[in-house]
*Asks:* 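Just dropping this structure here.
Computed from a prediction, not measured in an experiment: that's the story for all the values here. Letters go in sequence order (proteins before strands), and every chain restarts at 1.
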2 protein chains.
Amino acid sequence: MLALTKKTGYGLIAMAHLASLDGQKVSSAREIASTSGVPAGLLMNVMKELCAAGYVESVRGAHGGYRLARRPDEINLADLIGAVERPVRLVECVTDEAGERECTCELMARCPIADPVHRVHRKLNDFLKKVTLAEIVEPCLLEKFSSGQTAG
Amino acid sequence: MLALTKKTGYGLIAMAHLASLDGQKVSSAREIASTSGVPAGLLMNVMKELCAAGYVESVRGAHGGYRLARRPDEINLADLIGAVERPVRLVECVTDEAGERECTCELMARCPIADPVHRVHRKLNDFLKKVTLAEIVEPCLLEKFSSGQTAG
DNA sequence: TCAAACCGAACCATTTTGGTTCCATATAAT
DNA sequence: ATTATATGGAACCAAAATGGTTCGGTTTGA
């Protein structure tokens, strides 16, 4: 459908939330969920994936939670998508993000559009790599500095 | 999954095929299917949709088939996607291609990322609008003019 | 009249998504 | 120690989307 999944959307919302925290503070998945209105159980799963992918750090046990593991401008949409949903793949016959063909699509031999479409795929990926969490999160940060830390 | 559906891929292949025909010649869905190795029944459906959307013209009856209804440089990927699959929609809360919100997403009121994500959606759409059939089809056209009409 | 082609509409199996639930482990507070 | 709260890991399921088929109808050239 050429759409992000809800998991990615929820992940973005959660990362935006975490970006609005200061210092080493953590926020639990349940907390993020209730603040943002996202289903808690699903968000828990997403957070685990974000953690496994190294975008957030977890603190276990009571008063635990998550915090960002990288600066927002070091996190881009393409990688984030790869962490919580299947990787971007404009067409089936391109599996790695560089757009190289590795598959054994039977159409490939006579497919008249493989090369140009792979080129488009690479351009799409470049585009997504340029979209950073920093710019998605920007209004949240503004809010953070103007309204004095009401989140949480 | 942020991927085109196979229908869109098949549609592109078919349009590329049609672009390689000269003049007012038509090619039947079955013919395109057997040439390109795409499942015939499904391609028939896709062709109907492309026809309904005005990208190809149909000639009914024996010796009928399809031909392009527009110049390849007047057909862009964003519109084509809209014709054969559900429209591009980076997130749920944006339904029209301009990226304006029209939905009534309950998260909207407290969603911290709606505006930036909509901005990204618009940029994605602009990108897809710039990808024309002409550039996807280019190698086919080269083949057409160099090897003297072997296709079909 | 017949066969080839489009037209319209169901119909179905598989895959993906969205979401829940359960159990195990870690840890702060009592 | 016990308990409440958290993550970690994995299975599980329903709903939606996709990929593909099929059937009956209409048009039209031979």
*Asks:* Nearest to the side chain of A62(A), which nucleotide is it out of dA9(C), dG8(D), dA28(C)?
*Replies:*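 Per side-chain heavy atoms of A62(A), the pick is dA28(C).
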*Asks:* Need one value for K6(A): base, sugar-phosphate or nothing, where a base atom within 4.0 Å counts as base even if backbone is also close, heavy atoms only.
*Replies:*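 The answer is sugar-phosphate, as K6(A) gets under 4.0 Å only of primed atoms, P, OP1 or OP2.
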*Asks:* What is the distance, rounded to the nearest whole Å, between atom CE of M47(B) and atom P of dA4(C)?
*Replies:* 20 Å
*Asks:* Can you check side chain to side chain contact (heavy atoms under 4.5 Å, CB included) on H118(A) and C93(A), steps first, answer last?
*Replies:* CA-CA 8 Å; H118(A) 287 171; C93(A) 59; 3.3 Å; yes
*Asks:* Would you say T5(B) places a side-chain N or O within less than 4.0 Å of OP1 or OP2 belonging to dA17(D)?
*Replies:*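 For dA17(D), neither OP1 nor OP2 has a side-chain N or O of T5(B) closer than 4.0 Å.
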*Asks:* Flag yes if L2(A) and F127(B) sit in one hydrophobic cluster, no otherwise; membership is Ile, Leu, Val, Met, Phe, Trp, Tyr, and two members link when side-chain heavy atoms are under 4.5 Å apart.
*Replies:*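 Shared cluster, yes.
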*Asks:* OP1 or OP2 of dT18(D) less than 4.0 angstrom from a side-chain nitrogen or oxygen of R86(B), does that happen here?
*Replies:*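 True: R86(B) side-chain N/O within range (under 4.0 Å) of dT18(D) OP1/OP2.
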*Asks:* L21(B), M15(B): one ILVMFWY side-chain cluster at the under-4.5 Å cut-off?
*Replies:* yes
*Asks:* Has the side chain of R60(B) got a donor or acceptor atom sitting under 3.5 Å from an opposite partner on the base of dT27(D)?
*Replies:* no
*Asks:* Nearest of dG18(C), dT7(D), dG19(D) to any side-chain atom of S58(A)?
*Replies:* dT7(D)
*Asks:* Taking atom C1' of dC6(C) as reference, at what distance in whole Å does atom CZ of R67(B) sit?
*Replies:* 13 Å
*Asks:* It should be established whether S28(B) places a side-chain nitrogen or oxygen under 4.0 Å from OP1 or OP2 of nucleotide dA4(C).
*Replies:*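 It does not, given that no N or O in the side chain of S28(B) lies less than 4.0 Å from OP1 or OP2 of dA4(C).
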*Asks:* In whole Å, I'd like the distance from the CD atom of E31(A) to the P atom of dT5(D).
*Replies:*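 Whole-Å distance recorded here is 13 Å.
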*Asks:* Please state how far atom CG in L43(B) lies from atom P in dT21(D), giving the value in whole angstrom units.
*Replies:*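 It works out to 11 Å between those atoms.
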*Asks:* Would you indicate, yes or no, if dG19(C) has its OP1 or OP2 atom less than 4.0 angstrom from a side-chain nitrogen or oxygen of Y10(A)?
*Replies:*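 So the side-chain polar atoms of Y10(A) do come within 4.0 Å of the phosphate oxygens OP1 or OP2 of dG19(C), strictly under.
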*Asks:* Given side chain to side chain donor-acceptor pair (under 3.5 Å), test H17(B) with S27(B) step by step and report yes or no.
*Replies:* CA-CA 9 Å; H17(B) 181 97; S27(B) 188; 3.3 Å; yes
*Asks:* Using a 4.0 Å heavy-atom cut-off, does M44(A) contact any base of the nucleic acid, only the sugar-phosphate backbone, or nothing at all?
*Replies:* nothing
*Asks:* Is there a side chain to side chain contact (heavy atoms under 4.5 Å, CB included) between Y55(B) and L18(B)? Walk through the geometry before answering.
*Replies:* CA-CA 11 Å; Y55(B) 295 106; L18(B) 295 182; over 6 Å; no
*Asks:* Are any of the side-chain nitrogens in E85(B) or K7(B) under 4.0 Å away from the carboxylate oxygens of its partner?
*Replies:* no
*Asks:* Roughly, in whole Å, what's the span from CD in E49(A) to C1' in dA10(D)?
*Replies:* 12 Å
*Asks:* Of the listed nucleotides (dA6(D), dT20(C), dT16(C)), which one gets closest to any side-chain atom of P39(A)?
*Replies:*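 My answer, after comparing the listed nucleotides, is dT20(C).
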*Asks:* Does K48(B) contact dG8(C) through a side-chain donor or acceptor facing the base, at a distance under 3.5 Å?
*Replies:* yes
*Asks:* Whole Å only: how far is the CG atom of N45(B) from the C1' atom of dC23(D)?
*Replies:*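 Distance check: N45(B) CG to dC23(D) C1' gives 12 Å.
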*Asks:* Remember a base hit wins even if backbone is also touched, and classify A52(A) as base, sugar-phosphate or nothing at under 4.0 Å, heavy atoms.
*Replies:*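 Result for A52(A) = nothing.
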*Asks:* Select from G41(B) and H63(A) the residue whose nearest nucleotide in DNA chain D is closer to the 5' end of that strand.
*Replies:*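 Looking at DNA chain D, the more 5' nearest nucleotide goes with H63(A).
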*Asks:* With a non-hydrogen cut-off below 4.0 angstrom, is G61(B) in contact with a base, only sugar-phosphate, or nothing?
*Replies:*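 Base, at least one base atom sits under 4.0 Å.
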*Asks:* Tell me the interatomic distance from R89(A), atom CZ, to dT15(C), atom P, rounded to whole angstroms.
*Replies:*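 Interatomic distance, CZ of R89(A) to P of dT15(C): 13 Å.
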*Asks:* Could you tell me how far apart L42(A) (CG) and dA10(D) (C1') are, to the nearest whole angstrom?
*Replies:* 15 Å
